[in-house]
Protein chains: 2
Amino acid sequence: MNAPVSTPISAPALTKNQSLVFDVLDRSDAPMSAYTILDRLRDHGFRAPLQVYRALDKLLEFGMVHRLESLNAFVACAHPESECCGKGHGHGHGTVAFAICESCGHVSEFHDHEVDHRLSDWAKTKNFKPAKTTIEIRGLCGACAA
Amino acid sequence: MNAPVSTPISAPALTKNQSLVFDVLDRSDAPMSAYTILDRLRDHGFRAPLQVYRALDKLLEFGMVHRLESLNAFVACAHPESECCGKGHGHGHGTVAFAICESCGHVSEFHDHEVDHRLSDWAKTKNFKPAKTTIEIRGLCGACAA
DNA sequence: ATCAATTGCGTTATGCTATAACGTGTGTCA
DNA sequence: TGACACACGTTATAGCATAACGCAATTGAT
Ligand SMILES: [Zn+2]
Ligand SMILES: [Zn+2]
Ligand SMILES: [Zn+2]
Ligand SMILES: [Zn+2]
């Protein structure tokens, strides 16, 4: 009784652990580390980091969660149904950027075609084959900079 | 006898530890983790991670070294005397991007005005005050993709 | 039906990355 | 001389991530 179960949540059916991890992230208004997620889920039977990391790996693969490299933390995807960049279905999306407030922790996820194209062009001229691009702006959000 | 000593290397005089760490990074053709640097410097009296991290902090502050967030590793700056973006003196430079080969480890550092401006513009319209921007492209370099 | 391959799960142990806290020595500038 | 800033060395600890084992359930041939 460990197989994925249909949920109202999204494209690929999530297993119980995957759902739990995603829900915690989705309800959070700031990025969370794997160990913080673990602590939030002790009451649901989570005991070890691997339970979290395995769920996160899948959620990352599904595009439902993003990893913030400069924070070693994770956020739920904030633009699930974007139609842009020719990837219409579900969570599929191209390169995305994050603005991270270092005061309140709030994260804005956005996409910019022009940035994407410039980086792609650079790669083309250099014969570099991009696999994954990370763009993270750390700073202060409007509310905190006031 | 612990104070910075004038060297032929760059703008701010480096201390002995800072020089040792910078030299190791500068000679390397791939990013290095702090602990790898530590191991390279055992013969020079390094015994603890803090010796490396403290030197790295200063080198980062001087702009002589960059941290690759997606790798938890460090590289020597590859465009020390750039005149672009109105920051003419020494190592000062604006936002920079990295293309990281996941096969051979080679890193290309570059700057793109347009990308910089697009991200700045986004920040302005959102009233976000950027402090530091990370752009890292992981993939395969021309040589390795062949 | 049965077997093999795949996937998810739980546990223990381990490794890698980074910082806290303490004390020492040295150069600078009243 | 004394206050201060700063680089340094050491020990201990905190935080992030994975290796390796074995078990259970599902899937999809044969
Ligand atoms: Zn997203
Ligand atoms: Zn804020
Ligand atoms: Zn640089
Ligand atoms: Zn390569």
Side-chain angles (χ1 to χ4, degrees), chain A residues 1-7 12-22 24-25 30-62 64-75 102 105 134 136 138, chain B residues 1-7 9 12-22 24-25 30-62 64-75 105 134 136 138:
Chain A
M1 203 272 253
N2 250 338
V5 164
S6 183
T7 76
L14 300 182
T15 66
K16 183 150 202 284
N17 284 4
Q18 289 161 14
S19 282
L20 287 168
V21 168
F22 180 76
V24 166
L25 275 180
M32 299 182 73
S33 78
Y35 278 74
T36 305
I37 296 170
L38 173 59
D39 287 338
R40 291 277 191 294
L41 290 176
R42 299 255 180 219
D43 294 344
H44 291 269
F46 276 52
R47 321 241 66 211
L50 260 196
Q51 295 176 273
V52 177
Y53 281 109
R54 291 205 270 230
L56 284 173
D57 284 347
K58 281 302 179 183
L59 294 169
L60 287 167
E61 180 186 327
F62 299 155
M64 298 175 63
V65 158
H66 298 291
R67 174 184 170 83
L68 299 178
E69 302 289 353
S70 69
L71 250 40
N72 293 331
F74 304 84
V75 287
E102 296 186 305
T134 296
E136 297 175 17
R138 311 262 310 247
Chain B
M1 203 272 255
N2 250 339
V5 164
S6 184
T7 77
I9 277 189
L14 299 183
T15 66
K16 184 155 203 282
N17 284 3
Q18 288 159 16
S19 282
L20 287 168
V21 168
F22 180 76
V24 166
L25 275 179
M32 298 183 74
S33 78
Y35 279 74
T36 305
I37 295 170
L38 173 58
D39 286 339
R40 291 277 192 296
L41 290 175
R42 299 254 180 222
D43 293 345
H44 292 269
F46 276 53
R47 320 241 65 209
L50 260 196
Q51 295 174 275
V52 177
Y53 281 110
R54 290 205 270 233
L56 285 172
D57 284 346
K58 282 301 179 183
L59 294 170
L60 288 167
E61 180 186 325
F62 300 155
M64 299 174 63
V65 159
H66 298 289
R67 174 185 170 81
L68 300 179
E69 303 288 353
S70 68
L71 249 42
N72 293 330
F74 304 84
V75 287
T134 296
E136 296 175 17
R138 312 259 313 245

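The sequence lines fix the lettering, A, B, ..., with proteins before strands; numbering per chain opens at 1.
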| request: Return the angle between end axes of the helix from C:dA1-D:dT30 to C:dA30-D:dT1, with five pairs used per end and rounding to 10°. | output: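 The end-segment axes of the helix from C:dA1-D:dT30 to C:dA30-D:dT1 are tilted 30° relative to each other.
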| said: Is the shortest side-chain heavy-atom distance between B:L25 and B:V75 below 4.5 Å? | reply: no
| task | For the residue pair B:F46 and B:R40, establish whether any side-chain heavy-atom pair is separated by less than 4.5 Å. | result | no
For atom [atom1] of [X] and atom [atom2] of [N], their distance in whole Å:
X     : N      : atom1 : atom2 : answer
A:L50 : C:dT7  : CG    : P     : 17 Å
A:N17 : D:dA25 : CG    : P     : 15 Å
B:D39 : C:dG15 : CG    : P     : 14 Å
B:L38 : C:dA18 : CG    : C1'   : 13 Å
A:L59 : C:dT7  : CG    : C1'   : 15 Å
B:L56 : C:dA18 : CG    : P     : 9 Å
B:R54 : C:dG23 : CZ    : P     : 15 Å
A:F46 : C:dG10 : CZ    : C1'   : 11 Å

| query | Once you round to the nearest 0.5 Å, how far does CZ of A:F22 lie from CG of A:L14? | reply |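 Interatomic distance, A:F22 CZ to A:L14 CG, rounded to 0.5 Å: 7.5 Å.
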| query | Just how far is it from atom CG of A:L38 to atom CE of A:M32, taken to the nearest 0.5 Å? | reply |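 Result: 10.0 Å between the selected atoms.
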| note | A:P31 and A:A73 have their tightest heavy-atom pair at CB-CB, 3.8 Å
| task | Using a heavy-atom cut-off of under 4.0 Å over every strand shown, decide if B:R47 touches base, sugar-phosphate, or nothing. | result | sugar-phosphate
Between [X] and [N], does any side-chain N or O lie under 4.0 Å from OP1 or OP2?
X     : N     : result
B:K16 : D:dA7 : no
B:Q51 : D:dC8 : no
B:T15 : D:dC8 : yes

Residues in side chain to side chain donor-acceptor pair (under 3.5 Å) contact with [X], at least two apart in sequence or another chain:
X      : value
B:D39  : B:R42
A:E136 : A:S70
A:N72  : A:R67

| query | Choosing from C:dG10, D:dA7, D:dT10, which nucleotide comes nearest the side chain of B:K58? | reply | D:dA7
I'd like a table of atom pairs between the protein and nucleotides 15-17 of chain D - only N or O on both sides, under 3.5 Å - with the distance next to each one.
from: D:dA17; atom 1: OP1; to: A:R67; atom 2: NH1; distance (Å): 2.8
from: D:dA17; atom 1: OP1; to: A:R67; atom 2: NH2; distance (Å): 2.4
from: D:dA17; atom 1: OP2; to: A:Y53; atom 2: OH; distance (Å): 3.0
from: D:dA17; atom 1: O5'; to: A:Y53; atom 2: OH; distance (Å): 3.3
from: D:dA17; atom 1: N7; to: A:Y35; atom 2: OH; distance (Å): 2.7
from: D:dA17; atom 1: N6; to: A:Y35; atom 2: OH; distance (Å): 3.2

Which pairs would a plain distance check flag for residues 47-60 of chain B, meaning a side-chain donor or acceptor within less than 3.5 Å of a matching protein atom at least two apart in sequence or in another chain?
from: B:Q51; atom 1: OE1; to: B:R47; atom 2: N; distance (Å): 2.7
from: B:Q51; atom 1: OE1; to: B:A48; atom 2: N; distance (Å): 2.9
from: B:K58; atom 1: NZ; to: B:E61; atom 2: OE1; distance (Å): 3.4

